[in-house]
Protein chains: 2
Amino acid sequence: MAYQASDYPPFAVTVDLVVLTVRDDALQALVVRRGSAPFEGRWALPGGFVQVEEDVAAAAERELAEETGLQLTDVHLEQLATYGDPRRDPRMRVVSVAHLALAADLPTPVAGSDAADARWRPVDALLGGSRRLAFDHDRILRDGVERARAKLEYTPLAASFCGEPFTVGELRRVYEVVWGQPIDPRNFHRKVTGAPGFLVETGETTTRQGGRPAQLYRVGDATLLVPPLLRG
Amino acid sequence: MAYQASDYPPFAVTVDLVVLTVRDDALQALVVRRGSAPFEGRWALPGGFVQVEEDVAAAAERELAEETGLQLTDVHLEQLATYGDPRRDPRMRVVSVAHLALAADLPTPVAGSDAADARWRPVDALLGGSRRLAFDHDRILRDGVERARAKLEYTPLAASFCGEPFTVGELRRVYEVVWGQPIDPRNFHRKVTGAPGFLVETGETTTRQGGRPAQLYRVGDATLLVPPLLRG
DNA sequence: CCAAAAGTGTTCTTACTACACCCATGG
DNA sequence: CCATGGGTGTAGTAAGAACACTTTTGG
């Protein structure tokens, strides 16, 4: 069917955000408590309406800044998927473009949020417990976590969870937490330092993890990891 | 920002389809000629409006059936990405949820289409030529092709391009065409028959490719290829 | 000195590549 | 008999897993 300029059905379009971080050795997501019906008092993913003259990507960026105070330079932000079930919002027809954001653990807890109550919660608790998120946000969160897990394998995205500069050990802990399994430190070190363009030495070292001083690194310009890091 | 039931900006929501097939040893996409402004006379991806009470996925399925006559049992259909630039349609604010469909070469050329002119065109010609598709459909097509290429590596999706049952040689030709590079037939045979759950023998054979009779296969129930087939 | 984390070397095993070779059909 | 594609065997090589071992700090 061809586009027709007149008489099209009206939709509301929103963005929802799956904001992930690694905190206290757990993968955590940002959730906000809803202050009004429907799902009043329940936890939900942060999000909001796309403005009339606003790009969808820009809306995601704006909402992220509003909820976390984070700029695009500090986080990785990408489109996740779009959720368009007619009954996903009981009030009206809403199509939501979900986005995935990966951030380093924030020194300050969720600054600049305009939601009454916003906090980090471990994804295992959010997805495993009996308490469900509002709307179809369980499904969106699940999809976001799955995407993040998959992308660690073949992209340098894990570094988005680390504050720069970081050590190889800190980076390894990110993989272990996100994948939920231990990784051999020796082999990990070799693979990750050997992947061209992944890590750039700063020349500095640190002993903040204890033990022998570790090299500090920043992320390189590689966009794809070759060979990929594989989950056992 | 929390959802508010009143005073939300109105959008039109459409689905656009990147329908791919392998035909005449080339990766081809389905395009329709636009009969009205804007972009009148230009080629575009098939698509149309999502109806008020219709799921976005159902809309994609419906449009696919309208344009090609194909049912969901015959093709692979998945959401690709959403395109939401405020200026992507000069008439109004349209957010489009693009979908990717992979189909076997059709015996009949595009049956049941309600577009005046619909046809298969090699993606190389569509993306390489100076003639651009309508709207942002060049970008959408490019994203769809890239997704398809990537997914062949680690999913059994290549079989969606083959009519069942198929031979290993036919399957290999799909990979060669989509990736644009020759593959060693011997090693390919071993890898693909060795991947658990990918191929199921029918017990039948055929000589339709000439030479020694080849086993005929159907797709198995594997959803992930281990180990993945890699592009050189 | 000891614990802890960083980093290197080595061995074993597995997977991929390249290519020799045989098989079963049609013409 | 020969051309054509189907299918198997095998040797060489690259990559990953497991783990012994050395290094450098803090306490």
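Computed from a prediction, not measured in an experiment: that's the story for all the values here. Residue numbers begin at 1 in each chain, while the letters A, B, ... track the order of the sequences.
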Reading DNA chain D from 5' to 3', where do the contacts with chain A start and stop? Cut-off is 4.0 Å to heavy atoms. dG16(D) to dT25(D)
Result block: side-chain N/O donor-acceptor pairs under 3.5 angstrom for residues 218-230 of chain B, not counting sequence neighbours:
none

Could you work out, with side-chain hydrogen bond (donor to acceptor under 3.5 Å, both in side chains) as the rule, every residue matching [X], not counting sequence neighbours?
| X | result |
| --- | --- |
| R231(B) | E153(B) |
| Y217(B) | none |
| Q209(B) | E170(B), R173(B) |

Among residues at least two apart in sequence or on other chains, which ones pass ring pair (Phe, Tyr, Trp, His ring centres under 6.0 Å) with W43(A)?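 Result, ring pair (Phe, Tyr, Trp, His ring centres under 6.0 Å) vs W43(A): none returned.
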No-hydrogen, no-angle side-chain donor-acceptor test under 3.5 Å, Y83(A) and D143(A): yes
Please tabulate the protein-to-nucleotide N/O contacts below 3.5 Å involving nucleotides 3-5 of chain C, giving atom names and distances.
{"residue": "dA5(C)", "atom": "N3", "partner": "R212(A)", "partner atom": "N", "Å": "3.4"}

For R42(A), look at atom CZ and say whether over 12 heavy atoms of other residues, nucleotides or ligands are found less than 6.0 Å away.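 Yes - once you tally the heavy atoms of other residues, nucleotides and ligands closer than 6.0 Å, there are more than 12.
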Give a yes or no on this: more than 12 heavy atoms of other residues, nucleotides or ligands lie within 6.0 Å of atom CZ of R139(A). no
Would you check if the side chain of D24(A) reaches a backbone N or O of A26(A) as a donor-acceptor pair within less than 3.5 Å? no
Between R149(B) and V178(B), is there a donor-acceptor pair closer than 3.5 Å when you use the side chain of the first and the backbone of the second?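 It does hold such a pair.
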Return a table of donor-acceptor pairs under 3.5 angstrom between the side chains of residues 72-79 of chain B and protein atoms on other chains or two or more places apart.
{"residue": "D74(B)", "atom": "OD2", "partner": "Q71(B)", "partner atom": "N", "Å": "3.2"}
{"residue": "H76(B)", "atom": "NE2", "partner": "E78(B)", "partner atom": "OE1", "Å": "2.7"}
{"residue": "E78(B)", "atom": "OE1", "partner": "K151(B)", "partner atom": "NZ", "Å": "2.8"}
{"residue": "E78(B)", "atom": "OE2", "partner": "R147(B)", "partner atom": "NH1", "Å": "2.7"}
{"residue": "Q79(B)", "atom": "OE1", "partner": "T82(A)", "partner atom": "N", "Å": "2.7"}
{"residue": "Q79(B)", "atom": "NE2", "partner": "T82(A)", "partner atom": "O", "Å": "2.8"}

Less than 4.0 Å between a side-chain N and a carboxylate O, is that true for E146(A) and R142(A)? no
Distance-minimising heavy-atom pair for L45(A) and L141(A): CD1-N, 4.3 Å
Determine the minimum heavy-atom distance between L20(A) and V123(A), stating which atoms define it.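 The pair with the smallest heavy-atom distance is CD2-CG1, 4.0 Å.
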What residues 217-225 of chain B contributes to the DNA chain D interface at heavy-atom separation below 4.0 Å is none
Under the ring pair (Phe, Tyr, Trp, His ring centres under 6.0 Å) rule, what pairs show up with a residue in residues 148-177 of chain A, not counting sequence neighbours?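 The answer is Y175(A)-W179(A), Y175(A)-F188(A).
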So what does the secondary structure string of DNA chain C come out as, 5' to 3', with Watson-Crick or wobble pairs under 3.5 angstrom, [ ] for crossing and | for pairs with another strand? |||||||||||||||||||||||||||
Of residues 181-203 of chain B, the positions that come close to DNA chain C - non-hydrogen atoms, cut-off under 4.0 Å: D184(B), R186(B), N187(B), R190(B), K191(B)
